[in-house]
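Every chain is numbered from 1, with letters handed out A, B, ... down the list of sequences.
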Amino acid sequence: MQKFEEVYEVVKLIPLGKVTSYGAIAKYLSTGARMVGWAMNSSHNLNIPAHRVVNFKGVLTGKNHFSNPFLMQELLEKEGHKVVNNQLINFKEVFWDPRLALE
DNA sequence: GGCGTGACTTGAA
DNA sequence: ATTCAAGCCACGC
């Protein structure tokens with residue numbers, strides 16, 4: 001089974017207005033956090049809301065991998081998030097843990 | 001089948 | 001508080 005697909009599924013299940021971390025997904029899939037980020041790297045052509053996935057601090061570490069680095073922040077702000085200096089200010093409030101949501 | 005790599009995480013200096 | 005190093009695991013070559 002390809003973990004990428006599982007990662008995609010989880011990311012696609014992230015509710016609108018919520019975000020999650022690579023580690024949370026990795027934990028849910030019982031895998032390494034780096035794998036999640038790497039999976040996202042292959043999600044470019046797919047319909048994956050990768051902008052809803054940030055690192056455990058709520059920092060938009062992967063923005064540089066978007067077609068336009070500002071696109072990630074724009075999408076997040078568009079969904080009601082507040083991003084300052086590439087970081088979500090209400091991160092813990094909008095944090096969505098797949099492990100708790102999907103159990 | 002081994003080696004390097006990465007959009008991460010955690011703990012110690 | 002900030003910086004450094006090591007651990008983590010699946011994928012591609």
task = Give the C-alpha distance, both sets of side-chain angles, the deciding distance and a yes or no for side chain to side chain contact (heavy atoms under 4.5 Å, CB included) between Val83(A) and Met72(A).
result = CA-CA 10 Å; Val83(A) 182; Met72(A) 185 172 188; over 6 Å; no
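Among the atoms of the strands shown, base atoms are found under 4.0 Å from some heavy atom of Ala50(A).
Note on Val59(A) and Ile89(A): separate hydrophobic clusters, where clusters join Ile, Leu, Val, Met, Phe, Trp and Tyr whose side-chain heavy atoms are under 4.5 Å apart, directly or indirectly. One hydrophobic cluster, built from ILVMFWY side chains closer than 4.5 Å, cannot hold both Val36(A) and Phe56(A); they sit in different ones. Linking Ile, Leu, Val, Met, Phe, Trp and Tyr whenever their side-chain heavy atoms come within less than 4.5 Å puts Leu88(A) and Leu71(A) in one cluster.
Interface residues of residues 52-89 of chain A facing DNA chain C, ordered by number: none; criterion, heavy-atom separation under 4.0 Å. Of the residues in residues 33-44 of chain A, those with a non-hydrogen atom less than 4.0 angstrom from any atom of DNA chain C are Arg34(A), Met35(A), Trp38(A).
The ring-ring contact (aromatic ring centres under 6.0 Å, His included) analysis of residues 84-103 of chain A, with sequence neighbours excluded, yields the pairs Phe91(A)-Phe95(A). Among residues at least two apart or in separate chains, there is no side chain to side chain donor-acceptor pair (under 3.5 Å) pair with a member in residues 2-31 of chain A. Each side chain to side chain donor-acceptor pair (under 3.5 Å) pair with one or both residues in residues 40-66 of chain A, not counting sequence neighbours, appears once here: His51(A)-Glu79(A), Arg52(A)-Glu79(A), Lys63(A)-Asn86(A).
For the pair Tyr8(A) OH and dA7(B) P, the computed distance is 14 Å after rounding to whole Å. Atoms OH (Tyr22(A)) and P (dT5(B)) sit 20 Å apart, rounded to a whole Å. Computed from coordinates, the Lys27(A) NZ to dT10(B) P distance equals 8 Å when rounded to whole Å.
Counting all heavy atoms, side chain and backbone alike, Ala33(A) lies closest to Gly23(A) at CB-CA, 4.1 Å. Across all their heavy atoms, Ala50(A) and Met40(A) have their closest contact at CB-CE, 3.5 Å.
Residues Val7(A) and Ile48(A) have side chains not in contact (no heavy-atom distance under 4.5 Å, counting atoms from C-beta outward).
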Dot-bracket notation for DNA chain C, counting Watson-Crick and G-U pairs under 3.5 Å, with | for partners on another strand = .||||||.|||||
